[in-house]
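Side chains included, hydrogens not; waters and symmetry mates left out as well; all remaining heavy atoms used.
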Protein chains: 2
Amino acid sequence: MTRDIDKTGLIPGKVVDRLPLYLRIVKSCLNNQVKVISSEELADAAMVNSATVRRDFTFLGSLGVRGSGYEVEVLYRAISQKLGTNHAWPVIIAGAGNLGKALTNSPGFNSNGFSVVGLFDVDARVIGSQVNDLVVQPMSELNETVKDLTNTIGIIATPPSAAEKTALDMINANILSILNFAPTLLKIDKKVRVRNVDLSLELEVMAFYSTQAANKKSEI
Amino acid sequence: MTRDIDKTGLIPGKVVDRLPLYLRIVKSCLNNQVKVISSEELADAAMVNSATVRRDFTFLGSLGVRGSGYEVEVLYRAISQKLGTNHAWPVIIAGAGNLGKALTNSPGFNSNGFSVVGLFDVDARVIGSQVNDLVVQPMSELNETVKDLTNTIGIIATPPSAAEKTALDMINANILSILNFAPTLLKIDKKVRVRNVDLSLELEVMAFYSTQAANKKSEI
DNA sequence: TAGATTGTTAATCGATTAACAATC
DNA sequence: TAGATTGTTAATCGATTAACAATC
């Protein structure tokens with residue numbers, strides 16, 4: 001995960017990174033009719049320290065009740081609001097290969113306010129094909145599709161070679177938040193918010209720890 | 001990205017996280033016939049501080065030449081060795097949906113020593129279908145496929161509901177390193193190295209920064 | 001020798017957490 | 001009032017980085 005954007009001025013990036021995790025836990029409490037949760041319980045579920053939880057929540061205001069804990073409903077609203085997942089986020093995906101299709105169908109991309117409203121590709125062989133309830137559109141239709149939307153988030157799920165051009169097309173369509181799944185560092189205008197997600201990077205880090213473990217075993 | 005495994009004792013997790021990035025940059029130098037690179041140049045490419053680069057490299061030994069820089073070839077070998085990407089890593093993927101197929105075809109999963117050697121599913125409708133040069137196998141064949149391999153890495157690309165059982169199947173097949181793409185925290189034996197990759201989490205963090213930016217704009 | 005860049009020290013910065021007064 | 005848990009302080013821990021002596 002690359003840290004391309006930060007500097008909120010207000011709330012530390014590390015805290016922001018934990019909010020979605022808290023949100024997921026709190027939502028499962030909601031589903032299970034749990035009304036109140038303590039920082040200790042939440043900390044257990046999130047695998048962090050309870051002081052960290054309490055400190056993190058102070059960035060959302062004074063939400064808890066001393067002696068009792070946090071009302072789940074209150075937490076849910078506060079975190080959603082802070083993340084912005086309480087309102088709609090249209091998402092468009094460029095690249096209708098396996099990854100693009102996987103993301104289009106992914107529950108995380110069609111809940112919490114997010115919904116995939118367009119799937120684009122340049123390959124004539126996939127344009128027109130059906131994915132879920134979407135039809136793959138040519139990239140040339142991007143502007144038209146997003147022109148009446150606000151705060152559209154663009155996902156780059158193209159091959160690395162096409163990533164840069166795709167980013168420019170998105171910016172041209174006034175998309176200012178881009179999540180890039182192609183393993184390339186995009187060299188684009190700083191006013192655009194870019195987050196890079198590199199799936200194979202995780203694999204290499206995993207290899208490191210496996211090597212460590214294997215070495216340790218062989219020492220015995 | 002969750003920090004489930006750490007505690008190398010030797011090399012800090014933050015440094016490990018940067019090694020794959022350095023490796024990619026160094027590899028591109030190799031491809032471009034660049035023989036020597038300074039910490040300053042590398043830092044620029046990786047978007048970190050040059051002192052950080054030099055400090056990170058001390059964990060790999062004393063690799064540089066004062067007054068000149070680092071030999072690209074030397075760096076490449078040292079980082080590959082430390083990460084373990086200098087030897088073969090068999091990878092098996094459970095879940096032959098769009099995500100599983102995307103990962104199977106992903107260059108990052110078929111380079112740097114990694115190669116996907118098996119793709120598994122429980123759904124009779126996809127078992128037997130061809131993905132790249134692999135045929136989707138039933139989960140019941142997992143043990144047989146990996147029994148002669150060492151250091152196999154298992155990828156969970158199943159729906160969340162099947163993640164836990166899949167993890168147990170992998171452990172049963174003696175797979176001790178698991179990369180989990182399902183949005184569930186696996187409750188399994190601590191001897192198994194698990195890394196969780198949550199794609200939608202990134203989307204929520206992105207939403208936060210977009211909200212920030214939108215708010216800032218409306219303040220003007 | 002002059003110029004450059006490493007490796008390392010020491011300072012700084014930021015994040016985590018133990019501890020506890022405040023208070024439900 | 002007794003018990004529990006928050007919100008916050010202060011200590012600790014770890015990571016980053018400026019600065020520079022070492023040295024190619």
Side-chain angles (χ1 to χ4, degrees), chain A residues 1-19 21-22 25-26 29 34-75 78-79 82 205, chain B residues 1-19 21-22 25-26 29 34-75 78-79 82 205:
Chain A
M1 255 38 0
T2 335
R3 174 101 331 103
D4 277 12
I5 37 180
D6 233 306
K7 270 293 186 41
T8 328
L10 286 162
I11 164 168
K14 286 290 176 63
V15 177
V16 175
D17 288 347
R18 281 188 292 265
L19 290 181
L21 183 55
Y22 296 147
I25 294 162
V26 166
C29 288
V34 177
K35 301 286 182 212
V36 174
I37 190 170
S38 71
S39 59
E40 192 70 40
E41 294 168 306
L42 200 36
D44 279 357
M47 302 206 273
V48 297
N49 184 286
S50 68
T52 300
V53 170
R54 294 195 296 278
R55 152 75 44 107
D56 286 352
F57 285 171
T58 59
F59 291 100
L60 310 181
S62 195
L63 303 175
V65 181
R66 286 166 200 242
S68 130
Y70 299 85
E71 265 191 64
V72 169
E73 182 68 44
V74 169
L75 273 187
I79 301 173
K82 184 57 88 175
V205 174
Chain B
M1 256 44 356
T2 336
R3 173 99 335 100
D4 276 11
I5 38 179
D6 234 307
K7 271 290 186 43
T8 329
L10 286 161
I11 165 169
K14 285 290 175 63
V15 177
V16 175
D17 288 348
R18 282 189 292 266
L19 290 181
L21 183 55
Y22 296 146
I25 295 162
V26 166
C29 288
V34 177
K35 300 287 183 211
V36 174
I37 190 170
S38 70
S39 59
E40 192 69 40
E41 294 167 308
L42 200 35
D44 278 357
M47 302 207 273
V48 297
N49 183 285
S50 68
T52 299
V53 170
R54 294 195 296 279
R55 151 76 44 111
D56 286 352
F57 285 171
T58 59
F59 290 101
L60 310 180
S62 195
L63 303 175
V65 180
R66 286 166 201 242
S68 129
Y70 298 86
E71 265 190 65
V72 169
E73 181 68 43
V74 169
L75 273 187
I79 301 174
K82 184 57 88 176
V205 174

Report yes if a side-chain nitrogen or oxygen of [X] is closer than 4.0 Å to either non-bridging phosphate oxygen (OP1 or OP2) of [N]; otherwise report no.
X     : N      : value
A:T58 : D:dG7  : no
B:R54 : C:dT9  : no
A:Y70 : D:dG7  : yes
B:T52 : D:dT17 : yes
A:S62 : D:dG7  : yes

(request) Starting at CD of A:E40, measure out to CG of A:N49 and round the result to the nearest 0.5 Å. (result)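 So the CD of A:E40 and the CG of A:N49 are separated by 8.0 Å.
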(message) For a quick check of understanding: with a heavy-atom distance under 4.0 Å over all strands, which category does B:S50 fall into, base, sugar-phosphate or nothing?
(response)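 It contacts nothing in the nucleic acid.
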(request) Classify the nucleic acid contact of A:F57 as base, sugar-phosphate or nothing, counting any heavy atom under 4.0 Å across all strands shown. (result)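 The residue A:F57 makes no contact with any strand.
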(message) Side chains of B:R54 and B:T58: any donor to acceptor distance under 3.5 Å?
(response)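 Side-chain D/A pair, B:T58 to B:R54: absent.
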(request) Tell me the stems DNA chain C sits in, counting at least three consecutive Watson-Crick or G-U wobble pairs, each under 3.5 Å on both distances. (result)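 If one scans DNA chain C for consecutive Watson-Crick or G-U pairs, the stems found are C:3-24 with D:3-24.
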(message) Tell me the closest heavy-atom pair linking A:Y70 and A:S38, and the distance in Å.
(response)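 Here A:Y70 and A:S38 meet closest at CD1-C, 4.5 Å.
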(message) With a 3.5 Å cut-off and heavy atoms only, can you find an N or O donor on one side and an acceptor on the other between the side chain of B:R66 and the base of D:dT23?
(response)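 A donor-acceptor contact between them is absent.
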